[in-house]
Amino acid sequence: DVKVTQSSRYLVKRTGEKVFLECVQDMDHENMFWYRQDPGLGLRLIYFSYDVKMKEKGDIPEGYSVSREKKERFSLILESASTNQTSMYLCASLHTRPSAGGQGEQFFGPGTRLTVL
Amino acid sequence: GDSVTQMEGPVTLSEEAFLTINCTYTATGYPSLFWYVQYPGEGLQLLLKATKADDKGSNKGFEATYRKETTSFHLEKGSVQVSDSAVYFCALSGSYNTDKLIFGTGTRLQVFP
């Protein structure tokens, strides 16, 4: 079974703190994604990565950055957390490469509920 | 751009009732369509998918048919159970980047005994 794990289920931080959310997948998937989930807005893509050291902006990248130094690990970084970044953050991974045509299943982690005070 | 519209919830049903959750989409290409389910306290998991027009995806008693003429992918189940209570997300793969998923806002289903 594919397993996607996230470093924390719940996290409370203060405004201005630097926050790291870690995601690890164990199936050698090329693609990894970070989403945030908010009531009434569904899932919105923050950043994604096709391979090590490669990253692409999603729909809402402002206030976030990412790091992918190893294939299995994709980190989301909030350089200076703000209260409007209080949300559920979901990581996902996917096997296929874009050139081969996606359409595959994204595998999700359990989520990190981040509260910024 | 590509988008997904789902019916708003919550949908409240008694056990054994028939379920329909509507989903329509807008896409410039020929996307694949997905239904994901999120049980309380968990991440999303794939429920079913369809990759081309007239395909029917099915799993765990749920089914959905890819209707190109009406740009719809409605989720149905003939007899729901309390354990089906969850949030259901309709999604499509992007026209220009098929590895990206575009999600609807989600529909919460509550099933009572």
Side-chain angles (χ1 to χ4, degrees), chain A residues 1-6 8-10 21 23-25 29-51 54-61 88-113, chain B residues 1-10 21-27 29-53 55 57 59 66 73 86-108:
Chain A
D1 278 354
V2 174
K3 194 166 184 182
V4 180
T5 56
Q6 296 183 228
S8 305
R9 293 300 299 271
Y10 300 94
L21 302 183
C23 175
V24 177
Q25 50 95 2
H29 285 175
E30 294 89 0
N31 301 290
M32 297 187 74
F33 306 81
W34 275 107
Y35 297 90
R36 64 177 282 176
Q37 181 182 5
D38 299 289
L41 296 176
L43 274 72
R44 293 179 292 167
L45 182 63
I46 305 172
Y47 266 97
F48 59 103
S49 169
Y50 291 131
D51 207 340
M54 296 185 70
K55 59 185 179 184
E56 296 276 347
K57 292 181 180 179
D59 300 317
I60 52 164
M88 170 71 86
Y89 290 88
L90 292 167
C91 175
S93 71
L94 172 70
H95 178 61
T96 56
R97 292 189 178 278
S99 59
Q103 307 173 357
E105 174 184 356
Q106 287 194 18
F107 293 87
F108 284 81
T112 296
R113 185 167 293 283
Chain B
D2 296 349
S3 66
V4 175
T5 302
Q6 287 183 238
M7 62 188 289
E8 290 195 21
I21 300 178
N22 289 338
C23 171
T24 57
Y25 68 90
T26 302
Y30 300 94
S32 293
L33 301 174
F34 304 82
W35 277 101
Y36 279 81
V37 58
Q38 184 179 34
Y39 297 104
E42 299 182 13
L44 277 69
Q45 54 186 271
L46 180 67
L47 180 60
L48 53 84
K49 71 176 183 181
T51 57
K52 61 183 187 297
D55 268 3
N59 186 24
Y66 189 163
F73 193 54
V87 181
Y88 293 82
F89 292 91
C90 185
L92 61 78
S93 57
S95 296
Y96 297 104
N97 181 334
T98 54
D99 288 327
K100 288 177 64 176
L101 289 178
I102 296 160
F103 287 87
T105 54
T107 302
R108 181 175 298 280

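These figures come from a predicted structure and were not determined experimentally. The figures here come from the full heavy-atom set of this structure, side chains too, leaving out hydrogens, waters and symmetry mates.
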Rounded to the nearest 0.5 Å, how far apart are [atom1] of [X] and [atom2] of [Y]?
X: B:Leu46; Y: A:Phe107; atom1: CG; atom2: CZ; result: 8.0 Å
X: B:Lys100; Y: A:Phe33; atom1: NZ; atom2: CZ; result: 9.0 Å
X: B:Ser93; Y: A:Gln106; atom1: OG; atom2: CD; result: 10.0 Å

Check your understanding: Between A:Asp59 and chain B, which part of the residue has a heavy atom less than 4.5 Å away: side chain, backbone, both or neither?
Key -> side chain
Study note, to complete from the structure: The interface call for A:Leu90 against chain B, heavy-atom contacts under 4.5 Å, is side chain
Check your understanding: Do the non-hydrogen side-chain atoms of A:Tyr35 and B:Leu44 ever get within less than 4.5 Å of each other?
Key -> no
**Study point:** Top contributor to chain B interface from A:Arg44, A:Arg113, A:Gln37, A:Met88 [non-hydrogen pairs under 4.5 Å]
**Key:** A:Gln37
Practice item. Look at B:Gln38, B:Arg108, B:Glu8 and state which one has the largest set of heavy-atom pairs under 4.5 Å with chain A. Key: B:Gln38
